[in-house]
Visitor: 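Okay, handing you the structure first.
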Amino acid sequence: MPLAQSLGIGGPDRLRPIVVPLETSRAYNIAKTDAAGDPVTYDPCKPIHYVINPAGAPPDYLAFIMPAIDAAQEASGLSFAYDGISEDSWQSRQEGTKPRPIVIAFLPQLKSATATSDTVGLGGSTALTMNGIVMPHYVTGAVALKRDWFARQSADHKTAAEQAVVMHELGHVLGLGHVDDPSQLMSAVNQGQLAYGAGDLNGLAKLGSGSCGA
């Protein structure tokens, strides 16, 4: 790695500097690797566009989504770009074949192979596969948030808890999986963690230090 990048300055084509966490930790899990065994990432030389579908959202949805985006951007060194509101759905991003903005949507029910009755958020991204080979970059993703849970939290002014859920799901979008360490925000079960832990920060920094696309 070039000296400038090792110091966190980043290459000339990156939109933001490479992040060097203050504390080293291996308490993270990379969700997907490409054919070379490297983490699948978003392209650090392109902004990650995202939209919000506000249908069913509490009135203060920007108060917890925007700080969560800022936290994920700061931790990963990847650049996010807000494209405004949209009617696009969570489902529309489940089989992406071309770059499209990430969708953040509020759903009455969250359905997936891993969702339980206690699940209040889902998140993930799609990578292209060509001839059975996983390509190195994600092309799109989505976050689904459970409407009634967020309505209750907003009514009780629990913005920090809402932000933590969005940060967790953005961790999945950027390429982190769950960990067993309860001190990390990417723990499968949240035990009061409201910010990224050392492992989360190291994992996000790794995901943000990927290669630029062609």
Side-chain angles (χ1 to χ4, degrees), residues 1-34 36-48 50 63-81 102 104 114 119-125 127 136-138 141 143 145 153 158-212:
M1 178 181 292
L3 177 60
Q5 293 191 18
S6 70
L7 294 175
I9 299 173
D13 297 323
R14 290 184 59 90
L15 299 181
R16 294 174 61 88
I18 285 177
V19 175
V20 180
L22 297 177
E23 180 182 348
T24 300
S25 172
R26 290 289 301 170
Y28 63 84
N29 176 29
I30 301 298
K32 187 183 290 290
T33 56
D34 64 15
D38 296 320
V40 177
T41 68
Y42 277 93
D43 189 333
C45 297
K46 298 177 181 178
I48 302 172
Y50 71 100
F64 54 83
I65 290 178
M66 292 307 191
I69 292 285
D70 289 343
Q73 179 172 261
E74 187 71 20
S76 66
L78 296 169
S79 181
F80 285 79
I102 292 165
I104 300 175
T114 59
T119 300
V120 297
L122 295 172
S125 286
H137 293 125
Y138 290 115
V143 171
L145 305 172
Q153 302 308 305
K158 295 182 178 180
T159 307
E162 294 173 296
Q163 179 180 327
V165 171
V166 179
M167 288 169 61
H168 175 101
E169 302 312 332
L170 288 172
H172 287 315
V173 166
L174 293 182
L176 289 181
H178 284 145
V179 294
D180 294 330
D181 185 343
S183 68
Q184 308 305 317
L185 191 58
M186 295 310 297
S187 171
V189 178
N190 189 297
Q191 299 185 21
Q193 188 77 5
L194 297 177
Y196 289 129
D200 304 319
L201 293 172
N202 277 263
L204 288 168
K206 186 177 183 67
L207 289 164
S209 63
S211 62
C212 293

Visitor: With side chains defined as the heavy atoms from C-beta onward, is the minimum distance between His137 and Ser211 less than 4.5 Å?
Guide: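 A side-chain contact under 4.5 Å exists here.
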
Visitor: What residues form a ring-ring contact (aromatic ring centres under 6.0 Å, His included) with Tyr42, not counting sequence neighbours?
Guide: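 Testing Tyr42 for ring-ring contact (aromatic ring centres under 6.0 Å, His included), a comparison that skips the adjacent residues, returns Tyr138.
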
Visitor: Can you name the residues that form a side chain to side chain contact (heavy atoms under 4.5 Å, CB included) with Asp34, not counting sequence neighbours?
Guide: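 In terms of side chain to side chain contact (heavy atoms under 4.5 Å, CB included), with neighbours along the sequence ignored, Asp34 is linked to Ala36, Asp38, Val40, Pro136.
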
Visitor: Report yes if some heavy atom in the side chain of Asn202 is under 4.5 Å from a heavy atom in the side chain of Ser25; otherwise report no.
Guide: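 In contact.
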
Visitor: Are the side chain of Gln184 and the backbone of Gly199 linked by a donor-acceptor contact shorter than 3.5 Å?
Guide: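 Checked: pair present.
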
Visitor: Rounded to the nearest 0.5 Å, what separates atom CG in Leu201 from atom OH in Tyr196?
Guide: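 Reported to 0.5 Å precision, the distance equals 8.5 Å.
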
Visitor: So which heavy atom on Gly208 is nearest to which on Pro44, and how close?
Guide: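 It is O-CB, 3.9 Å.
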
Visitor: Can you list everything that forms a side chain to side chain contact (heavy atoms under 4.5 Å, CB included) with Gln193? Sequence neighbours excluded, please.
Guide: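 Once residues adjacent in sequence are excluded, the partners of Gln193 under the side chain to side chain contact (heavy atoms under 4.5 Å, CB included) criterion are Leu185, Asn190.
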
Visitor: Please name the pair of heavy atoms, one in Asp43 and one in Cys45, separated by the smallest distance, quoted to 0.1 Å.
Guide: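 Residues Asp43 and Cys45, closest heavy atoms: OD1-N, 2.8 Å.
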
Visitor: What pair of heavy atoms forms the shortest contact from Ala68 to Val166, and how long is it?
Guide: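 Taking Ala68 first and Val166 second, the nearest heavy atoms are CB-CG1, 3.5 Å.
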
Visitor: Starting at CZ of Arg14, measure out to NZ of Lys46 and round the result to the nearest 0.5 Å.
Guide: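 If we round to the nearest 0.5 Å, Arg14:CZ and Lys46:NZ are 14.0 Å apart.
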
Visitor: Please tabulate, for the side chains in residues 170-178, all donor-acceptor contacts under 3.5 angstrom to protein atoms that are two or more places apart in sequence or on a different chain.
Guide:
residue: His172; atom: ND1; partner: Leu176; partner atom: O; Å: 2.8
residue: His172; atom: NE2; partner: His168; partner atom: NE2; Å: 3.0
residue: His172; atom: NE2; partner: His178; partner atom: NE2; Å: 3.1
residue: His178; atom: NE2; partner: His168; partner atom: NE2; Å: 3.2

Visitor: Could you give the distance from CG (Leu204) to OG (Ser209), rounded to the nearest 0.5 Å?
Guide: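 The distance works out to 11.0 Å.
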
Visitor: For residues 63-74, which residue pairs qualify under side chain to side chain donor-acceptor pair (under 3.5 Å), counting only residues two or more places apart or in two chains?
Guide: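 Qualifying pairs: Arg16-Glu74.
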
Visitor: Please name all residues satisfying ring-ring contact (aromatic ring centres under 6.0 Å, His included) with Tyr50, sequence neighbours left out, ordered by chain then number.
Guide: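 If we apply the ring-ring contact (aromatic ring centres under 6.0 Å, His included) test to Tyr50, skipping adjacent residues, the hits are Tyr82.
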
Visitor: With rounding to the nearest 0.5 angstrom, report the CG to CE distance, Asp181 to Met186.
Guide: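 Separation between the atoms: 12.5 Å.
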
Visitor: Please tell me if the side chains of Lys206 and Tyr28 come closer than 4.5 Å, counting only heavy atoms from C-beta onward.
Guide: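 They are in side-chain contact.
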
Visitor: When you measure from the side chain of Gln153 to the backbone N and O of Lys158, does any donor-acceptor pair fall under 3.5 Å?
Guide: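 Pair absent, no side-chain N/O of Gln153 close to backbone of Lys158.
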
